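Comments concern the structure below.
Since this is a predicted model, take the numbers as computed values, not measurements.
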Amino acid sequence: MSARDRLIVGLDVPTIAEAERVVRTLGDTALFYKIGYQLVFAGGLEFARDLAKDGKKVFLDMKLLDIDNTVAKGVENIVKMGMSMLTLHAYPKAMAAAVAAAKGSDLCLLGVTVLTSMDAKDVIDAGYEYDPHTLVLRRAEQARVAGMGGVVCSAEEARAVRKIVGPDMAIVTPGIRPAGAEPGDQKRVMTPADALKAGSSHLVVARPIVKAADPLAATKAILAEMDGALVA
């Protein structure tokens, strides 16, 4: 895959009008977009369908988690939308239900391991007995066993996760920040080049692009850094 295939621009903006402006500004430079809660609740599902119809790839970041039947029925409808990727929390039963529901489709299911905004204290406060790294690896193994298309983890864990999931599963990493960029609320971050070298297959970049004074220039700079890492 080229850098353009691997870069997922996070449309973390409050309105469809702003999302349309970003997509229009980036034009053919960007191929892949992430749509999450913020935009979904502003009409983002229809916008996601429109992007897919226009030939863009869409990563629907819904982080599904519910009883098996509810997860399965949700996935069945998302398959019909023409999405490329979908997230759910990496709980074994939820993943198994989703895999069965998506069977035969091109939808890549991603198990969210540990959010990149969480550190060791946050994981303990949430009631888990593992540190973030151990929990990520445990959930990555469970995602592999369930037959998922990939996992979401921080780039800090990508190298270890790659050893668990093998060469074919996707490793999608948010919390990507170009050198010198502010981390914001992310606690486990990495540069685009370092993330690819660590084993990430796809990088999610939101604020460094959509909040940039020149989003197109920011995207091109990130793609150039990624290209350099891919040929190194």
Side-chain angles (χ1 to χ4, degrees), residues 8-14 34-41 44 59-67 70-71 74 85-98 109-146 148-165 169-192 194-211:
I8 303 174
V9 178
L11 292 175
D12 295 342
V13 294
K34 176 183 79 74
I35 293 178
Y37 289 157
Q38 183 180 23
L39 201 59
V40 161
F41 296 128
F59 168 18
L60 197 58
D61 189 18
M62 295 304 297
K63 300 182 180 71
L64 300 180
L65 180 61
D66 212 308
I67 64 172
T70 300
V71 169
M85 288 180 168
L86 169 70
T87 53
L88 56 148
H89 282 289
Y91 285 61
K93 290 189 69 179
M95 290 191 291
L109 296 170
L110 301 171
V112 177
T113 56
V114 177
L115 300 176
T116 52
S117 62
M118 299 180 73
D119 58 17
K121 181 180 183 303
D122 297 321
V123 170
I124 291 172
D125 288 344
Y128 295 103
E129 61 180 308
Y130 306 103
D131 62 90
H133 184 81
T134 302
L135 184 56
V136 166
L137 299 190
R138 178 179 175 83
R139 288 182 165 172
E141 172 63 17
Q142 291 169 332
R144 185 191 65 78
V145 171
M148 295 282 283
V151 297
V152 179
C153 66
S154 88
E156 289 183 1
E157 293 106 21
R159 195 179 305 278
V161 167
R162 180 59 70 195
K163 293 178 181 178
I164 291 172
V165 303
M169 285 178 65
I171 297 179
V172 179
T173 52
I176 301 299
R177 294 291 185 270
E182 290 294 325
D185 59 357
Q186 302 291 335
K187 295 179 179 178
R188 299 181 349 265
V189 301
M190 193 173 285
T191 66
D194 287 343
L196 289 175
K197 292 174 182 177
S200 300
S201 63
H202 298 77
L203 311 183
V204 179
V205 184
R207 277 168 281 187
I209 291 177
V210 301
K211 299 298 184 184

Are the charged groups of K34 and D12 less than 4.0 angstrom apart, N to O? yes
Any heavy-atom pair between the side chains of L137 and V161 that's under 4.5 Å? yes
Can you confirm whether V123 sits close enough to D131 that some side-chain heavy atom of one is under 4.5 Å from a side-chain heavy atom of the other? no
Just how far is it from atom CG of L88 to atom CG of L60, taken to the nearest 0.5 Å? 11.5 Å
To the nearest 0.5 Å, tell me how far L196 CG sits from T191 OG1. 9.0 Å
Restricting to non-hydrogen atoms, name the atom on G44 and the atom on I35 that form the minimum distance, rounded to 0.1 Å. O-CD1, 3.9 Å
Non-hydrogen side-chain atoms of M85 and I8 separated by less than 4.5 Å: yes
Assess the residue pair V40 and M62 against the criterion (side-chain contact (heavy atoms from CB on, under 4.5 Å)); give the C-alpha distance rounded to whole Å, side-chain angles, the decisive distance to 0.1 Å, and a yes or no. CA-CA 9 Å; V40 161; M62 295 304 297; 3.7 Å; yes
Do L115 and K63 come within less than 4.5 Å of each other through their side chains, counting heavy atoms only? yes
Please give me the minimum heavy-atom distance between A94 and H89, naming the atom from each residue. CB-O, 4.4 Å
Of the non-hydrogen atoms in L39 and V13, which two are nearest, and what is the gap between them? CD1-O, 3.5 Å
What closest approach, in Å, do I176 and A195 show between heavy atoms, and which atom pair accounts for it? CD1-CB, 3.7 Å
Minimum heavy-atom separation for R177 to R207, with atom names? NH2-NH2, 3.4 Å
OG/S154 to NE2/H133 distance, rounded to the nearest 0.5 angstrom? 9.5 Å
How long is the span from the OG1 atom in T173 to the CE atom in M190, to the nearest 0.5 Å? 8.5 Å
Do you know which of R138, R144, R139 makes salt bridge (Lys or Arg N to Asp or Glu O under 4.0 Å) with E141? R144
When rounded to the nearest 0.5 angstrom, what is the spacing between OG1 in T113 and CD in Q142? 11.0 Å
Grab the two heavy atoms, one from M95 and one from G111, that are nearest each other, plus how far apart they are. SD-CA, 4.5 Å
Are R162 and S201 side-chain neighbours, meaning at least one heavy-atom pair lies under 4.5 Å? yes
Testing L135, T134, D122 for side chain to side chain contact (heavy atoms under 4.5 Å, CB included) with Y128, which one passes? L135
